[in-house]
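Comments concern the structure below.
Note that the structure is predicted; figures quoted are calculated from it, not measured. One is the number of the first residue; the rest follow in order along the sequence.
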Amino acid sequence: MIIHHWHRDNSILEVAPQGPLQAADFRSLASMVDPHILDEGNLKGLMISAEQFDGWESFAALIDHLNFVRDHHRSIRRIALLSDSPVFGVLPRILDHFVSAEVRPFALAERNDALEWLAGA
């Protein structure tokens with residue numbers, strides 16, 4: 001499941017994975033994001049808050065995640081990754097090869113800094 005919160009005044013979507021991600025999570029997320037992109041042209045930012053990441057429920061869920069990224073990455077200016085895991089610290093360098101958005105890691109305690117950075121896009 002993916003919990004989400006809109007910061008519509010800044011065109012920022014905040015998401016937090018809860019448990020293993022399911023294929024339906026990305027279809028649901030697309031149904032919320034796509035109308036906004038059609039109306040506004042893009043998202044200033046996407047904040048991914050990952051206290052923990054339990055992976056994907058199935059291979060189909062992983063494929064739907066990759067398809068969501070493929071279909072939406074050009075419509076997102078910045079991505080903030082919030083986590084205290086060291087893995088998320090190196091993830092921006094990997095994602096730079098796959099997404100057009102600027103990606104930056106933040107510690108969980110830096111949530112407000114991440115929102116300010118995203119809003120400045």
### Task
Fit a plane to each ring of W117 and F106, take the angle between them on a 0 to 90° scale, and name the class: parallel (under 30°), tilted (30 to 60°) or perpendicular (over 60°).
tilted
### Value rounded to 0.5 Å, distance of CG in L66 from CZ in R70
9.0 Å
### Message
Any non-hydrogen side-chain atom of I76 less than 4.5 Å from a side-chain atom of V33?
### Response
no
#### Entry: Considering all heavy atoms, the nearest M47-A114 contact
SD-CB, 3.9 Å
### Message
Return the CD1 to OG distance between I63 and S58, rounded to the nearest 0.5 Å.
### Response
9.5 Å
### Task
Taking the side chain as every heavy atom from C-beta outward, state whether W6 and L43 have any pair of such atoms under 4.5 Å apart.
yes
### Message
Would you compute the distance between atom OG of S75 and atom CG of L46 and round it to the nearest 0.5 angstrom?
### Response
11.5 Å
### Message
Using only atom types and a distance under 3.5 Å, with no angle test, would you say the side chain of D25 pairs donor to acceptor with the backbone of M1?
### Response
yes
### Query
Distance from L29 atom CG to H65 atom NE2, nearest 0.5 Å?
9.0 Å
### Query
Just by modelled atom types, is the V69 backbone N or O under 3.5 Å from a matching donor or acceptor in the H73 side chain?
no
### Task
Specify the closest pair of heavy atoms between A61 and A23, including all atoms of both residues, with the distance to one decimal.
CB-N, 3.4 Å
### Message
Restricting to non-hydrogen atoms, name the atom on H5 and the atom on H7 that form the minimum distance, rounded to 0.1 Å.
### Response
CD2-NE2, 3.2 Å
### Query
Do I2 and F26 have side-chain heavy atoms sitting under 4.5 Å apart?
yes
## Note on the structure
In terms of heavy-atom contacts, A30 and H72 come closest through CB-CE1, 4.0 Å
#### Entry: Distance, nearest 0.5 Å, that separates CD of E51 from CD of Q18
7.5 Å
### Task
For the residue pair K44 and L118, establish whether any side-chain heavy-atom pair is separated by less than 4.5 Å.
no
### Query
R27: what forms a salt bridge (Lys or Arg N to Asp or Glu O under 4.0 Å) with it, not counting sequence neighbours?
D64
### Message
Exactly one of L13, L82, V103, I79 should register a side chain to side chain contact (heavy atoms under 4.5 Å, CB included) with I48. Which one does?
### Response
I79
### Query
Which residue pairs pass the salt bridge (charged side-chain N to carboxylate O under 4.0 Å, His left out) test with at least one member in residues 13-22, sequence neighbours excluded?
E14-R111
### Query
Does P17 reach the side chain of D54, with side-chain heavy atoms less than 4.5 Å apart?
no
#### Entry: Connected via hydrophobic side-chain network under 4.5 Å: F59 and W56
yes
### Interatomic spacing from CZ in R104 to CG in L81 - rounded to 0.5 Å
11.5 Å
